[in-house]
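Since the structure comes first, as structure tokens, the remarks are kept for the end.
Per chain, numbering begins at 1; letters A, B, ... match sequence-line order.
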Amino acid sequence: MSFTFDDLNEEQRRAVTIEKGPILILAGAGSGKTRVITYRIAYLISKRLTSPRGIIAITFTNKAADEMKSRITSMLGRGDIWIRTFHSTCAKILRESLRRNRALGSLIKRSENYTIYDEHDQQTVIKECLKDLNIDLQEWSPGYVGAMINRVKEDLQKPDNIDHDLVRRVYEQYNKRLEQYNAVDFDDLIMLTVKLFQQDRSTLEHYQNLFRYILVDEYQDTNKAQYVFTRLLAEKYRNLCVVGDDDQSIYSWRGAEIRNILDFEKDFPETAVIKLEQNYRSTKTILKAASSVVDNNEYRKPKTLWCENQDGEEISFYLADDAYTEAAYVARRIIEGRLQGQSLNDFAVFYRVNYQSRMFEECFVRFQIPYELVGALKFYERAEIKNVLAYLKVIVNPNDSVGLKRIINVPSRKIGNITVEKLNKYCEENGYSLYQGLSQCRHITALDQKTVEKLMKFIALMNDLRKKSKELDLFELVMIVVRQSGYLDSLSDRETDADYIRRKNIEELIISIKEYNKQHPNAALANYLADVSLRGDIDDWDRDSAKVNLMTLHNAKGLEFDTVFITGVEDGLVPHYKSRSDQYQYEEERRLLYVGITRACKKLHLTCARQRESFRSGTMYPSISPFLREIPKNVISGAVIDYDDMG
DNA sequence: CAGGAGGGGCTTTTT
DNA sequence: GCCCCTCCTG
């Protein structure tokens with residue numbers, strides 16, 4: 001074994017070496033929790049308490065999972081451990097279980113090759129339901145209804161608990177449609193796995209016996225469904241180790257229950273509680289600022305982070321005239337830092353809302369500062385990428401009517417909405433899926449001969465691609481798909497810039513598929529599609545590339561940078577104006593700032609703008625954030641006096 | 001009946 | 001600034 005515990009402190013070592021029973025690790029920011037988890041996994045394996053297969057570790061992002069895997073591989077020389085997010089874990093359990101026992105399909109109402117719908121697909125289905133139920137889309141926006149549906153699933157509520165009759169009806173129809181499409185949304189992945197565990201004893205026992213040791217990171221951000229999932233899995237052997245920090249709970253709007261971490265000891269009374277309070281990341285100054293902010297929260301476990309690091313530089317505050325000046329200030333500080341030998345990827349710029357990134361992008365282009373934007377324009381959400389993936393999804397799951405509608409006229413086959421509507425009506429009347437209906441389209445009296453021919457040609461294409469998919473590997477298949485569908489050609493006809501970019505993006509997708517193929521030689525197409533559907537913004541981010549990092553405060557969780565800029569520290573952004581009325585939400589905004597501050601190792605910059613343009617309310621003249629006043633003035637340099645200038 | 005062009009809506013945070 | 005819907009043209 002090629003590692004020692006010399007670089008762990010006493011508490012960390014204790015957390016790593018407890019061999020049995022539940023463990024609650026309350027890990028403050030920068031206290032080395034990732035190290036504790038990886039060392040613990042290595043310890044369990046090297047002491048032969050379990051084989052690698054007997055461990056499951058759940059992380060918050062795929063990125064974190066990949067990093068943890070590679071660390072363990074370098075420690076043990078092997079990395080065949082189940083380290084995944086909740087969603088990816090459940091997606092795999094569902095698929096495995098449906099494969100192992102087809103009869104479970106009647107319980108889950110899905111088959112093995114189900115499709116995962118993202119938020120956009122979800123809204124498409126909700127729109128279908130709202131239209132079908134004759135509900136006014138202005139009054140009930142799909143986004144709003146979707147959020148309510150998600151909440152029901154995250155909380156594992158019974159649909160009859162939905163207080164609004166109308167939403168309940170949409171909920172029911174929405175779920176029925178997903179069943180028909182053989183599709184699940186993000187929250188179904190967790191909810192259906194819980195259902196599977198609760199209603200099929202043998203499946204639950206299979207996984208309980210498989211995973212003798214369970215580790216869950218970022219436990220403060222688990223929701224009810226994830227909590228029940230974890231509890232069920234851990235019930236038998238009770239070797240559950242959860243790691244988290246109530247001060248870093250920032251996902252309550254996604255159903256996360258801070259209670260899960262605060263009440264852990266109630267569920268598992270024999271829990272060993274370990275507190276990691278020594279911070280190894282930040283300077284004393286930064287830590288002081290962070291603590292003095294979060295100390296104002298009422299709903300938290302009292303704790304004190306400390307460190308042996310240097311005092312470090314003062315925190316700088318800059319009050320800009322407007323968002324552009326703010327961005328230019330950040331750019332100048334970065335150029336300055338570069339001259340002093342810092343690398344571009346030592347810098348990170350955080351903001352509360354995605355649209356703030358635009359100003360930084362614009363400005364960094366002008367200053368010729370290479371940057372990497374995390375989130376916002378997600379690669380896998382680009383239309384051309386979704387189109388190609390939709391072909392693959394329909395090939396795997398012909399019942400995926402959302403995917404099918406997406407590609408039926410891409411590239412243009414002169415099949416328009418009216419034809420699709422007629423087809424749809426025919427399918428509904430005869431109980432066909434759209435795909436089935438296509439093969440029967442010659443029987444649709446409402447269609448003329450020309451249209452029928454077009455539809456037959458399309459279904460022949462899809463049938464052919466489906467047949468080929470069984471013989472070809474992933475890379476070969478996607479090449480055939482983009483060529484044979486005519487999609488690639490359609491993007492070459494007109495020499496517009498937009499088409500050129502689309503072709504480039506498809507090329508990039510194909511390269512990434514080739515790479516995936518290399519890493520997972522035997523992966524089924526369905527597995528690839530699931531992986532892609534569950535990829536987050538941060539997952540494709542390259543920490544090591546020589547670029548300044550731009551991201552939201554939420555995306556910053558779990559990361560660290562030498563120099564951090566937290567921008568727009570204004571009343572209305574941090575805290576966000578929508579969170580101001582509710583104390584609980586208000587405190588979450590404070591935690592968000594706390595998370596941002598504690599990402600910084602050496603130097604922290606806070607910036608505000610006197611004036612900010614907003615699409616919704618025109619020009620705003622915000623005050624500085626009330627949280628800023630909670631930082632002691634003696635750790636802040638710069639125009640501290642400017643504080644009181646503002647509104 | 002398909003499909004492009006142009007106008008009105010809206011943006012918290014995300015697996 | 002971007003997406004969605006509608007209207008108009010061919």
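A close approach under 4.0 Å does occur between a side-chain nitrogen or oxygen of A:His120 and OP1 or OP2 of C:dC4. Under 4.0 angstrom from either OP1 or OP2 of B:dA2 there lies at least one side-chain N or O belonging to A:Thr419. Contact annotation: A:Asn555 reaches the phosphate of B:dT14 (side-chain N/O to OP1 or OP2, under 4.0 Å). Here A:Asn354 reaches the OP1 or OP2 of B:dT14: one of its side-chain N or O atoms lies under 4.0 Å away. Contact check, A:Thr552 against B:dT14: a side-chain N or O comes under 4.0 Å of OP1 or OP2.
Atom C1' of nucleotide B:dT14 and atom CD of A:Gln226 are separated by 12 Å, given to the nearest angstrom. Rounded to an integer number of Å, the gap from CG of A:Asp187 to C1' of B:dT15 is 8 Å. Across the protein-nucleic acid pair, A:Ile444 atom CD1 and B:dC1 atom P stand 13 Å apart, rounded to whole Å. Going from atom CD1 of A:Ile58 over to atom C1' of B:dT15 covers 13 Å, rounded to whole Å. For the pair A:Glu154 CD and B:dT13 C1', the computed distance is 13 Å after rounding to whole Å. Rounded to whole angstrom, the span from the CZ atom of A:Arg151 across to the P atom of B:dT13 amounts to 16 Å. Atoms CZ (A:Arg352) and C1' (B:dT11) sit 12 Å apart, rounded to a whole Å. Rounded to whole Å, atom P of B:dT14 lies 17 Å from atom CD of A:Gln248.
The residue A:Asp118 sits apart from the nucleic acid: no heavy atom pair falls under 4.0 Å. Residue A:Asn62 is classed as having no contact, given no heavy-atom separation below 4.0 Å to the nucleic acid. Using a 4.0 Å heavy-atom cutoff across all strands shown, A:Lys578 reaches at least one base atom of the nucleic acid. Contacts of A:Asn417 with the nucleic acid, taken as non-hydrogen atoms under 4.0 Å apart, involve only primed sugar atoms and P, OP1 or OP2. Within the nucleic acid shown, A:Arg535 has no heavy atom closer than 4.0 Å to any nucleic acid atom. Note on A:Glu588: nothing from the nucleic acid sits closer than 4.0 angstrom, heavy atoms only. The residue A:Lys422 sits close only to the backbone: its heavy atoms come under 4.0 Å of sugar-phosphate atoms, none of a base. Within 4.0 Å (heavy atoms only), A:Lys127 reaches sugar-phosphate atoms of the nucleic acid but no base atom.
When the options A:Leu553, A:Leu573, A:Val574 are evaluated for a side chain to side chain contact (heavy atoms under 4.5 Å, CB included) with A:Val353, the one that passes is A:Leu573.
Judged as a ring-ring contact (aromatic ring centres under 6.0 Å, His included), and not counting sequence neighbours, A:His443 has no contacts. Scored by the ring-ring contact (aromatic ring centres under 6.0 Å, His included) test, A:Tyr584 finds A:Tyr299 as partners (sequence neighbours excluded). Partners of A:Thr89 under the side-chain hydrogen bond (donor to acceptor under 3.5 Å, both in side chains) rule, at least two apart in sequence or in another chain, are A:Trp82. The ring-ring contact (aromatic ring centres under 6.0 Å, His included) check on A:Phe565 picks up A:His605, with sequence neighbours excluded. By the ring-ring contact (aromatic ring centres under 6.0 Å, His included) test, A:Tyr594 is found to be paired with no residue, residues two or more places apart in sequence or in another chain being considered.
With contacts defined as side-chain heavy-atom distances shorter than 4.5 Å, the pair A:Leu178/A:Val184 does not qualify.
Per the stacking criterion (ring centres < 5.5 Å, plane angle < 30°), A:Trp253 does not stack onto the base of B:dT12.
Nearer to the 5' terminus of DNA chain B, by closest-nucleotide assignment, is the contact made by A:Ala446 (compared with the other of A:His576 and A:Ala446). Between A:Asp448 and A:Arg254, the residue anchored nearer the 5' end of DNA chain B, judged by the nucleotide with its closest heavy atom, is A:Asp448.
Closest to the side chain of A:His554, from the set B:dG3, B:dT13, B:dC1, is B:dT13. Of the candidate nucleotides B:dT12, B:dT11, B:dT14, B:dT14 has the atom nearest to the side chain of A:Glu119.
Separation of atoms CD (A:Gln226) and OG1 (A:Thr230) is listed at 7.0 Å; rounding is to 0.5 Å.
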Pairs under 3.5 angstrom, nitrogen or oxygen only, protein versus nucleotides 6-9 of chain B, please.
none

Next item on the list: Would you sort out whether A:Leu215 and A:Ile56 count as a side chain to side chain contact (heavy atoms under 4.5 Å, CB included), showing the intermediate values?
Entry: CA-CA 6 Å; A:Leu215 298 98; A:Ile56 180 170; over 6 Å; no
